[in-house]
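Protein chains get the first letters and strands the later ones, always in sequence-line order, with residue 1 at the start of each.
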Amino acid sequence: MIDTNLIKLDPKQVFESLKSKKYELNLEAFDAFELDRKNFQTQTEDLQAQRNTLSKEYGLLRKEGKEDKTLNDQIESIKIELDACSQKLTDTQGSFRDFLLDIPNLPSDSTPKGGGESENVKMRDFGKPLISGGKDHLDITSLINTEAANILAGSRFAVLVGKIAKLQRALIAFMLDKAEEHGYQEHYLPLIANAESLTATGQLPKFADDLFQLTDDYFLIPTAEVPLTNLYRDQIISADNFPLKLTAHTTCFRSEAGSYGKDTRGLIRQHQFEKVELVQICHPDHSDQTLESLTSHAESILQELNLPYQVVELCTGDLGFSAAKTYDLEVWVPSQETFREISSCSNCTDFQARRAKIRFKEDGVSRLAHTLNGSALAAGRTLIAVIENYFDQHSTIIIPEVLQDYTKFKSIEL
RNA sequence: GGAGAGUUGGCUGAGUGGUCGAAAGCGCCUCCCUGCUAAGGAGGUAUACGGGUAACUGUAUCGAGGGUUCGAAUCCCUCACUCUCCGCCA
């Protein structure tokens with residue numbers, strides 16, 4: 001949720017800022033909601049105050065054994081009025097909240113302006129793509145079986161077999177160990193989250209279609225960002241502990257309703273994939289620099305795997321709902337002769353913290369923390385990158401050196 | 001899944017219909033006293049939202065939601081969680 005005070009203070013600026021993120025803020029509706037809310041709230045509280053004093057009076061009279069019919073009637077009529085008024089207040093607050101939950105986070109001042117993907121800004125790169133074209137990962141190895149998965153579940157799933165399955169496991173273990181080296185505390189988490197958690201991090205109510213819903217209040221998580229961030233929902237954190245650095249490997253589930261026809265082949269876009277996630281919760285003054293360090297932690301994994309990648313800063317038009325600033329890490333995928341997103345590192349500023357009520361105390365006042373998250377990395381896509389970039393173009397996938405302690409083998413003969 | 005007990009402020013813990021946002025103790029903060037890392041004294045010390053330039057002030061919150069009542073931490077219902085016992089299971 002964005003700070004409503006900002007809208008009150010400088011509506012035009014907020015409007016323009018959101019517009020750069022392709023969101024048309026309805027200022028008239030906002031004003032109307034705010035006015036209604038204020039009226040109904042003051043009125044309700046006023047009536048409650050009246051009821052409280054009159055009830056006290058009534059009680060004192062009662063104690064003396066007296067009755068007062070007028071007083072009784074007065075209380076009765078206040079109650080009727082109060083009921084109506086507080087109902088209106090509840091309704092207004094509900095619709096106002098729905099309205100606010102729909103508004104995306106404001107882009108940071110430093111975020112480049114732009115309409116979409118093509119206007120993202122390349123920041124830096126690492127390594128040189130050595131292989132271009134050639135077989136893709138499905139053609140390289142039969143240890144990725146999409147036909148079998150299709151029988152088991154449907155499209156956009158995969159069965160990994162033998163050394164490829166183990167390679168993915170090695171990648172995950174390696175990533176978690178790197179995260180630990182960087183000071184992140186590992187977590188094992190529920191893969192199911194409730195609506196409240198998903199609302200706090202911004203997936204709900206707006207993006208319900210992207211989620212697999214199990215029952216009324218059970219959803220499969222689309223990312224470990226949800227449970228990790230919600231670990232601190234409704235809490236006041238001691239600022240001494242900042243920054244909180246959390247990590248977890250989880251399976252992620254995405255229904256990706258909007259993406260049919262895109263990346264239909266291979267492991268790029270799946271309903272289910274493995275990911276190691278980094279989350280930091282920090283002081284608002286430090287979140288800019290925290291994003292840089294969190295991104296560098298994700299990058300270090302690609303560097304140690306010696307995979308060519310580039311870092312791209314998303315422009316305002318391509319920014320996610322909860323993010324104020326985002327760096328995408330894009331790894332070289334030889335068969336596609338292009339860089340593909342393998343990690344997305346975002347500063348969500350106080351947007352999630354406001355929804356989740358994640359606060360800390362400073363000089364006796366409680367303030368909202370800033371939350372950041374990033375993949376380090378998406379394991380399925382890293383697996384593709386390793387297979388394709390380490391394929392010798394004949395019959396062997398070489399295992400990157402840093403993974404060999406984990407796999408216990410040095411190559412996969414095909 | 002069955003039976004029972006419980007859930008109060010940072011912590012311990014009192015409170016079974018009104019004067020209770022809540023005793024007392026601990027902790028913490030400020031000040032006083034004290035020539036010394038102690039003891040004593042005074043005051044302060046929840047969260048959220050609203051009104052007000054401010055001093056200040058209103059409302060709500062005693063696990064959550066609903067109900068009874070002029071009035072609910074206190075009575076009733078539903079749910080969640082914790083603990084104990086039984087059953088079942090990885």
Side-chain angles (χ1 to χ4, degrees), chain A residues 1-9 30-101 103 188-200 204 214-219 227 230-242 244 251 281 284 350-369:
Chain A
M1 221 150 39
I2 66 170
D3 186 353
T4 52
N5 278 322
L6 290 177
I7 307 181
K8 289 183 212 168
L9 244 53
F30 176 84
D31 289 340
F33 275 129
E34 179 60 8
L35 192 69
D36 279 355
R37 195 224 86 230
K38 195 174 281 191
N39 281 337
F40 292 136
Q41 181 165 347
T42 40
Q43 218 176 319
T44 300
E45 291 184 355
D46 192 51
L47 287 165
Q48 283 171 326
Q50 288 183 44
R51 181 204 57 194
N52 289 346
T53 36
L54 292 180
S55 283
K56 246 173 222 174
E57 260 179 60
Y58 185 95
L60 288 174
L61 282 177
R62 256 291 177 77
K63 236 176 190 172
E64 298 169 27
K66 291 183 198 155
E67 283 280 348
D68 186 336
K69 185 93 173 46
T70 333
L71 187 59
N72 209 345
D73 292 347
Q74 213 178 341
I75 292 173
E76 199 54 40
S77 74
I78 284 174
K79 266 180 70 178
I80 292 165
E81 209 181 332
L82 177 59
D83 279 349
C85 197
S86 69
Q87 186 57 51
K88 281 187 208 157
L89 176 63
T90 309
D91 292 347
T92 305
Q93 281 174 331
S95 331
F96 197 11
R97 184 177 153 79
D98 291 345
F99 175 82
L100 294 172
L101 284 176
I103 303 173
Y188 170 79
L189 301 162
L191 302 183
I192 292 172
N194 55 32
E196 202 179 341
S197 295
L198 287 154
T199 303
L204 287 179
L214 300 177
T215 61
D216 226 23
D217 200 37
Y218 278 163
F219 299 81
N230 273 281
L231 240 23
Y232 292 89
R233 171 150 54 87
D234 286 319
Q235 290 194 37
I236 298 175
I237 303 160
S238 163
D240 302 341
N241 298 330
F242 278 160
L244 299 173
T251 306
I281 299 176
D350 61 9
F351 185 80
Q352 294 179 326
R354 185 170 292 104
R355 288 170 164 241
K357 299 196 181 75
I358 301 173
R359 293 99 86 214
F360 67 99
K361 278 229 166 159
E362 190 172 65
D363 302 324
V365 251
S366 70
R367 298 181 57 187
L368 293 168

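Rounded to an integer number of Å, the gap from A:F40 CZ to B:rG51 P is 15 Å. In this entry the distance linking NZ of A:K357 with C1' of B:rA48 reads 9 Å, nearest Å. In this structure, A:Q48 atom CD and B:rA72 atom C1' are separated by 15 Å, rounded to whole Å. Distance, A:I80 CD1 to B:rC70 C1': 13 Å, rounded to whole Å. Rounded to whole angstrom, the span from the CD atom of A:Q93 across to the P atom of B:rG50 amounts to 10 Å. Rounding to whole angstrom units, CG of residue A:L89 and C1' of B:rA48 are separated by 14 Å. The distance between atom CG of A:L54 and atom P of B:rU69, rounded to the nearest whole Å, is 18 Å. If you take NZ of A:K56 and C1' of B:rU59, they are 13 Å apart, rounded to a whole angstrom.
The residue A:D46 sits apart from the nucleic acid: no heavy atom pair falls under 4.0 Å. Contacts of A:R62 with the nucleic acid, taken as non-hydrogen atoms under 4.0 Å apart, include base atoms.
Note: A:F33 and A:F96 have parallel aromatic rings, judged against thresholds of 30 and 60 degrees for the angle between ring planes.
RNA chain B is contacted by both A:E45 and A:R37; A:R37 maps to the nucleotide lying nearer its 5′ end (nearest heavy atom per residue). Toward the 5′ end of RNA chain B lies the nearest nucleotide of A:E34, the other residue of the pair A:E34 and A:K79 mapping further downstream.
Comparing the same atom, C1', in B:rG13 and in B:rU8 gives a spacing of 9 Å after rounding to whole Å. Annotation: B:rC11 and B:rU47 have their P atoms spaced 13 Å apart (nearest Å). Nucleotides B:rG17 and B:rA72 are separated by 14 Å at their P atoms, to the nearest Å. One C1' atom belongs to B:rU61, the other to B:rA73, and the distance between them is 11 Å to the nearest Å. Spacing of C1' atoms, B:rU19 relative to B:rC28, comes out at 30 Å, to the nearest Å. Nucleotides B:rG63 and B:rG2 are separated by 25 Å at their P atoms, to the nearest Å. Separating the P atom of B:rA3 from that of B:rG18 is a span of 34 Å, rounded to the nearest Å. B:rA46 sits 12 Å from B:rC62 when the C1' atoms are compared, rounded to a whole Å.
The side chain of A:R51 contributes an N or O atom lying less than 4.0 Å from OP1 or OP2 of B:rA60. For the pair A:K38 and B:rG51, the criterion of a side-chain N or O lying under 4.0 Å from OP1 or OP2 is met. Under 4.0 angstrom from either OP1 or OP2 of B:rG71 there lies no side-chain N or O belonging to A:N52.
Relative to the side chain of A:A49, the nucleotides B:rU59, B:rG50, B:rA48 differ in distance, and B:rU59 lies closest. Of the candidate nucleotides B:rA48, B:rC49, B:rC70, B:rC70 has the atom lying nearest to any side-chain atom of A:S55.
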Bracket notation of RNA chain B in which parentheses pair within the strand, [ ] cross earlier pairs, and | pairs with another strand (Watson-Crick or G-U, under 3.5 Å): ((((((((.[[[..)..(.....]]]((((((.......))))))((((((....)))))).[[[[[..)....]]]]])))))))....

